[in-house]
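None of these values were measured; they are calculated from a predicted model. Every chain is numbered from 1 and lettered A, B, ... according to where its sequence line falls, protein lines coming before strand lines.
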Number of protein chains: 2
Amino acid sequence: MNNKPTIHDIAKALGVDSSTVSRALNDSPRVTKATKVRVLAMAAELGYQRNMLASNLRKNVTNTIGVIVPRISRHFFSSAIQGIEETAYLAGYNVIISQSLEQLERERKIVEGLVANRVDGLLISVSMETVDYRHLEVAKNNSIPLVFFDRHCGISGYSNVLIDDFKCGFDATEHLIFKGCKRIAHFSGSQELEIYKNRFNGYKAALAKHNILFKNEYVVNSRLMEQDGYLGMQNLLDNQQEIDGVFSANDVTAIGAMKCIKERQLKIPEDIAIVGFSNEPISQVIEPSLTTIDQSGSEIGKTATELLLEYISKKEIPVEGQTIILNSKLIERNSSKK
Amino acid sequence: MNNKPTIHDIAKALGVDSSTVSRALNDSPRVTKATKVRVLAMAAELGYQRNMLASNLRKNVTNTIGVIVPRISRHFFSSAIQGIEETAYLAGYNVIISQSLEQLERERKIVEGLVANRVDGLLISVSMETVDYRHLEVAKNNSIPLVFFDRHCGISGYSNVLIDDFKCGFDATEHLIFKGCKRIAHFSGSQELEIYKNRFNGYKAALAKHNILFKNEYVVNSRLMEQDGYLGMQNLLDNQQEIDGVFSANDVTAIGAMKCIKERQLKIPEDIAIVGFSNEPISQVIEPSLTTIDQSGSEIGKTATELLLEYISKKEIPVEGQTIILNSKLIERNSSKK
DNA sequence: CTGTTAGCGCGTTCAC
DNA sequence: GTGAACGCGCTAACAG
């Protein structure tokens, strides 16, 4: 029962050598079509399943890529993992998931563990504690290719797959401009954080490109709760700011703003168009008509995996890492303004 | 550089045999303390790392458990995976994640793939298309223990780790009763679905236990959108139903109901207490004061993994599967009513 | 095109 | 307590 058939069993049954069987199963060109068929038939009959452990040991690969994220349950990362898993699955790779829980020490141990497990490649979104990358050199020393995603690696020689927050802000704002908006408010978060600063800069750049005057009164910095959107919008409207568009750096805040707009009998997007930068899908359950800039975690995961698989198949770690910057997708969910 | 040291290298360096080294590294009692120390020191010096592939091949294990979920990016599953990963990590196991995308055919292929990869155990939340379990027999045939979580397996002989929706409904309702509520409304979803039916039954049972008359007018069935909560609450209040408590089978719907309550200048929880069954954490961002019954995905993941690891260590698949039913946690977030 | 030989790196017999 | 030898299952290299 527990004696699983091996290539030797099927070789014996067919009166050929096990290496021929091996070649047949691997669809090697150096074996007759006829014997291939016989081997495959016998394999099916015996219920043969290749022992990956042995195969991998011999080939010194694992068909496995290791993934390290700060926390699996955060939506962005789980959707990234979704993309990673799908892409890896199609390429015949397994995915081992680990989480650093934002701790450098844990990250270090995980990397060592994955390297000891001989993963064929590594996908990492580093923890917030990670300031240097010495603990990752073990991968390089073992010729294991490494791709950073979402959170970039500061030093050169590594590949990154990132989201362009600047361009997201730019695109969202330009989208509103194309819709005919001229007085566009921006709800932003702490300017200490790169992501919000970049989105804000994208917003300003889009205005500049289209010769629209930037007005400081249109910018609302907050903690990006729903209430902040509601109150921010209220303030803007009460202060006679004739807003006709809103780009919110956060979806929940955008929902708050929408509530305020609707209460005042203004129409979306006819009177005021609105775009929210989206983190969580549930926000669209609560407000299905919200046009969003979606941080496509699965897209970034897919891209990072494709890049990594390329390195793996080439069996070489590029000296110069490349950096791929993805755009988030703007998903328009309400009718056009003009 | 790429020639990683093996036990032979360290054996040669020490003038002992590789089998002695192997024993020393495995802390076998049949080797001198002194040589153990020498071996360990040399291993550290050479930067030796055990080749798991070879070790696993020899021992015919993988130190890996396979996990199949419908979709990684759904919050419940990603938090379950979080719990699984943490528990497995502590026990020295790796976790391979796969997603069925709710497709039976994919699930079948994944199971076969994981079995072919000789995972030591399997954790499955079956796809919605899964009505029979023949495609899982391959695991049993290969003596791979299997634990179902969240979505239970209908046939006997398998272990399940589930959430008790009935008890959740019961607890939520009883919590409201303890708060002093006597006229408790219930917002429910399609009675075709077990989960909503069970929560509804829990609600009724709690009322019965405390001798509170069940009134059909207090029950609102809907698609559980935010608007459904808002409108449902509106109807209840307009029809002179003097509601003083609400148990919603969904958090978003509860948020809608809260909005309606607040608009009418009623206070939560003083005038109307409210509990929502929680799926997504962001709902608490939008409404931080919502008291919830939390489906703890990570808890269920942890429990399922512990059970599975027990089976793995015992090296036997129980003939009679056991079923563990977990309670979700009630998390009270607003001040007491009475 | 097929068979033979020789390991991959480790763990487990046997002996001594 | 330690060494020698073998095998896990598969595949690469070399013959023929």
Practice task
Report yes if at least one side-chain N or O of A:T20 is closer than 4.0 Å to OP1 or OP2 of C:dT2; otherwise report no.
Solution key: no

Handout entry: Sugar-phosphate, base or nothing in reach of A:D17, heavy atoms under 4.0 Å
Key = base

Exercise for the section: Examine C:dC8: is either OP1 or OP2 under 4.0 Å from a nitrogen or oxygen in the side chain of B:T6? Give yes or no. Expected result: no

Practice task
Assign each of B:R58 and B:R30 to its nearest nucleotide of DNA chain C by heavy atoms, then name whichever residue's nucleotide is nearer the 5' end.
Solution key: B:R58

Practice task
Mind calculating the distance between CG (B:N63) and P (C:dG11) to the nearest angstrom?
Solution key: 11 Å

Practice task
Kindly indicate whether a cation-pi arrangement holds for A:K109 with B:Y89, taking the cut-offs as under 6.0 Å to the six-membered ring centre and within 45° of the axis.
Solution key: no

Practice task
May I ask you to verify if any side-chain N or O of A:N26 is less than 4.0 angstrom from the OP1 or OP2 atom of D:dT11?
Solution key: yes

Handout entry: Gap between atom CG of A:N142 and atom CZ of A:R118 - 0.5 Å precision
Key = 7.0 Å

Exercise for the section: Look at the side-chain N and O atoms of A:S18 and state whether any lies under 4.0 Å from the OP1 or OP2 oxygen of D:dG9. Expected result: no

Problem - Phosphate-side-chain proximity, B:T32 and D:dT2, N/O vs OP1/OP2 below 4.0 Å - result: yes

Handout entry: NZ/NE/NH1/NH2 to OD/OE distance under 4.0 Å, B:E137 and B:K140
Key = no

Handout entry: Plane angle bin for A:F77 and A:F149 - parallel if under 30°, tilted between 30 and 60°, otherwise perpendicular
Key = perpendicular

Handout entry: Protein-nucleotide distance (B:L57, atom CG; D:dC10, atom P), rounded to Å
Key = 9 Å

Practice task
Using only side-chain N and O atoms of B:Y48, determine if any of them is under 4.0 Å from OP1 or OP2 of C:dC10.
Solution key: yes

Practice task
Indicate, with a heavy-atom threshold strictly under 4.0 Å, whether A:R23 touches base, sugar-phosphate, or nothing.
Solution key: base

Handout entry: Distance test, side-chain N/O of B:T35 to OP1/OP2 of D:dT2, below 4.0 Å
Key = yes

Fill in the blank from the handout: Whole-Å distance, A:K4 NZ to D:dC8 C1', equals 14 Å

Fill in the blank from the handout: Rounded to whole Å, the NZ-P distance (B:K12 to D:dA4) equals 12 Å

Problem - Atom-pair distance (CD on B:Q49; P on C:dG9), nearest Å - result: 14 Å

Completion exercise
From CG of B:N117 across to P of D:dG9 the rounded distance in Å is 16 Å

Fill in the blank from the handout: Rounded to whole Å, the CG-C1' distance (A:L53 to C:dC8) equals 13 Å

Problem - Minimum-distance nucleotide (side-chain atoms of A:V16 versus D:dA12, C:dT12, C:dG3) - result: C:dG3

Practice task
Measure the distance from CD1 on A:I7 to P on D:dG7 and round it to the nearest whole Å.
Solution key: 16 Å

Handout entry: N/O (side chain, B:S22) to phosphate O (OP1/OP2, C:dC10) under 4.0 Å
Key = no

Exercise for the section: Consider only side-chain N and O atoms of B:E107 and B:T130, and report whether a donor and an acceptor are under 3.5 Å apart. Expected result: yes

